[in-house]
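Beneath this line is the structure, given in structure tokens, with notes to follow.
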Amino acid sequence: MRSSTTGWLLLAPTIAVLVLTGVLPFLYVLAISFFDWNLFAVNPEPRWAAANNFRRLVHDAEFLKSIWLTLLFTLWVVASQVILGFALARLMMRDFPFKKVFRAVHTLPLMIAPIAVGATWRLMTVPGLGPIPYYLKDWFGIDYRLSMFPDQAFASVVVMDIWHWTPFVTLTILAGLSNLPQEPVEQARIDGAQEWQIFRDIVLPAMKPVLLTTIFIRIMDALRVVDEVWMLTQGGPGAETRFIGLHIWKIVFPKTDYGYGSAMSLLTLYMTIVICWLLYAAMTARKDRAS
Amino acid sequence: MSSVTLQSVRKTWGSFEALKSLDLHIPDGEFLVLLGPSGCGKSTTMRIIAGLEEVSSGTLLFDKEDVTRVHPRRRNVAMVFQNYALYPHMTVAENIGYPLKVTGVDKAKAREQVLDAARKVDLTDYLQRLPKDLSGGQRQRVALARALVRDPRVFLLDEPLSNLDAKLRVAMRAEIKHLQRSIGVTMIYVTHDQIEAMTLADRIVLMNKGQIQQVGTPDEIYDDPANLFVAGFIGSPPMNFITGEVADGVFRAPGVIVPGAPGRGPATLGFRAEDVTLSPSGAFQGTVFEVEPTGEATYLVVEVGGARAMLRTDKKHRPALGSPVAFDVPASQCLFFNPSDGLRIRRPAPHLQQVIA
């Protein structure tokens with residue numbers, strides 16, 4: 001009895017902070033999503049709107065497009081980062097000259113604030129000033145203008161995110177790989193397995209928990225990306241790189257449509273949870289079927 | 001199944017010499033035990049045979065075929081690791097069948113072979129379990145079955161029993177020996193446990209500091225050690241050593257006079273606890289330091305010749321601490337070593353004169 005009271009007392013500060021910064025704002029957003037509330041409207045008071053905001057979402061072509069773009073973006077960046085990160089981590093498990101220098105330089109993007117990443121990439125992509133348009137024209141004859149070609153804008157945002165976040169994936173996978181017991185791998189080698197079979201049958205299954213965690217973190221990050229993209233393209237040209245985060249920002253701040261913005265945020269959260277859950281189910285189901 | 005030959009095999013890591021020019025021939029079907037303290041190079045030797053380590057120089061032959069640079073995948077050896085190295089996400093059946101799966105053996109045939117291997121180690125009831133649901137002994141048997149499943153040329157076991165409890169270890173020891181005899185495979189077994197080595201081996205290779213100290217049958221190693229290290233490593237309790245001086249064929253140390261000693265100058269006398277007979281007029285005079293009853297016998301720790309020695313005596317024998325004790329050792333059981341290099345000083349001719357006070 002006494003130990004349980006002490007336990008709760010010790011936990012209290014953490015719980016208080018969590019409630020204040022996590023639970024309350026969430027409940028607040030949940031409540032607002034059921035109101036019409038626009039500070040600069042004729043009637044600035046919140047008005048009960050029941051499920052109207054959510055009904056509006058389903059038919060909002062702009063919002064649906066931003067969801068589609070975000071999913072596409074997430075798929076591209078997470079897949080590329082995991083594949084690239086795994087390859088780099090495998091490389092760093094070996095010894096090669098200047099490995100430490102390479103590892104340090106490779107990790108640099110991680111330490112740069114997203115807003116600075118966006119600014120740097122913007123500088124590099126400005127036509128007539130940045131090196132990227134210059135060399136693309138010079139070497140490949142490509143007319144590279146972010147503000148004109150949606151595909152180029154989308155690709156640039158994807159490449160920037162890969163550049164920024166692959167080191168994170170590399171580091172987590174590297175940590176997982178270095179903790180992997182060597183005996184099963186050696187055993188498989190003696191058992192007659194080829195290197196690709198060892199990777200498929202031994203390394204990959206053993207890395208599954210690390211991979212899942214990494215992929216979850218990256219999916220959650222990618223789904224709510226805002227700052228870098230805002231600096232590079234402002235969601236343009238048109239709305240071609242306006243991902244959910246940017247879209248919500250536009251609804252909530254310039255348009256001050258708080259209720260509708262809250263509804264969008266909730267749906268995004270819900271979507272994130274569902275995606276992660278589906279992925280988890282898919283990745284663990286394979287194991288059950290095997291046994 | 002094949003013979004294994006190592007010719008001047010060396011292995012270095014930077015300036016550290018793990019193996020110093022090893023020469024060893026293991027005939028087809030032999031049960032060979034590599035024995036030695038940790039860091040003596042026995043595991044390195046095994047990993048070189050498996051192909052997990054490359055030699056720095058030297059040659060490795062399977063029968064007459066040079067496999068020094070052959071990838072482990074193509075050597076067709078089977079290995080059991082100390083911690084079994086089971087694939088944790090595969091069932092017992094999948095674990096055993098993995099060597100067949102990766103080499104593309106037909107599925108129906110593979111299933112039969114898996115069953116066959118599982119039967120040999122009595123695992124047929126556990127085929128659908130995961131390794132984490134098995135006991136230590138069962139995991140050990142899975143590792144054995146996985147090694148058995150594909151008819152390897154050489155069978156390697158790296159301290160396979162050290163993770164088991166004492167009782168199971170004795171049982172598995174007998175099973176492994178029986179298995180080796182029944183399939184007649186060349187088996188190389190690494191251990192630091194001399195009892196395991198003595199009970200299992202056709203021949204023992206005793207190693208220390210990257211060098212072979214002695215190769216021989218368990219009896220040869222026990223009765224006829226080549227140097228102080230071998231004499232002190234094998235046997236429980238280990239051999240007793242007394243340092244003294246040989247002059248005119250007589251070994252002398254405080255309280256000890258043993259005639260019939262070879263050579264001259266400083267020498268170390270070695271004898272085993274069980275070769276001792278108590279006798280009031282014995283050539284060895286000492287005092288009882290401690291008494292250790294073990295149930296089957298009573299061991300006396302005796303201070304003699306400036307050293308401590310263990311004597312095996314009758315189980316009922318309980319002398320008082322500090323009391324004088326005198327004993328004899330047959331001349332044939334008195335071994336002499338050179339204390340500076342540790343090598344055995346052998347008698348020029350058999351000399352079976354009984355030791356007299």
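Residue numbers begin at 1 in each chain, while the letters A, B, ... track the order of the sequences.
- Every residue was checked against the ring pair (Phe, Tyr, Trp, His ring centres under 6.0 Å) condition with F26(A), not counting sequence neighbours, and none meets it.
- Atom CH2 of W76(A) has 12 or fewer neighbouring heavy atoms from other residues, nucleotides or ligands inside a 6.0 Å radius.
- Surrounding CZ of F96(A) are more than 12 heavy atoms belonging to other residues, nucleotides or ligands, all under 6.0 Å away.
- Chain A is approached within less than 4.5 Å, heavy atom to heavy atom, by Y98(B), P99(B), K101(B), V102(B), T103(B) from residues 98-105 of chain B, ordered by number.
- Annotation: residues 164-197 of chain A contacts chain B through E183(A), P184(A), E186(A), Q187(A), A188(A), R189(A), I190(A), D191(A), G192(A), A193(A), Q194(A), E195(A), Q197(A) [non-hydrogen atoms, separation under 4.5 Å].
- With a threshold of 4.5 angstrom between heavy atoms, N76(B) does not approach chain A through any atom at all.
- By the neighbour-count criterion of 12 heavy atoms within 6.0 Å, atom CZ of R111(B) is sparsely surrounded, having that number or fewer from other residues, nucleotides or ligands.
- Within 6.0 Å of OH on Y280(A) lie no more than 12 heavy atoms contributed by other residues, nucleotides or ligands.
- Heavy atoms closer than 4.5 Å to chain A are found in the side chain of R47(B), but not in its backbone.
- Contacts of L86(B) with chain A are made by backbone atoms alone, with heavy-atom separations under 4.5 Å and no side-chain atom involved.
- Legend: ring pair (Phe, Tyr, Trp, His ring centres under 6.0 Å) pairs involving residues 30-56 of chain B, not counting sequence neighbours, sorted by first then second residue: F31(B)-Y189(B).
- Looking at R74(B), there are no atoms closer than 4.5 Å to chain A (heavy atoms on both sides), in backbone or side chain.
- Other residues, nucleotides and ligands contribute more than 12 heavy atoms inside 6.0 Å of the NZ atom of K65(A).
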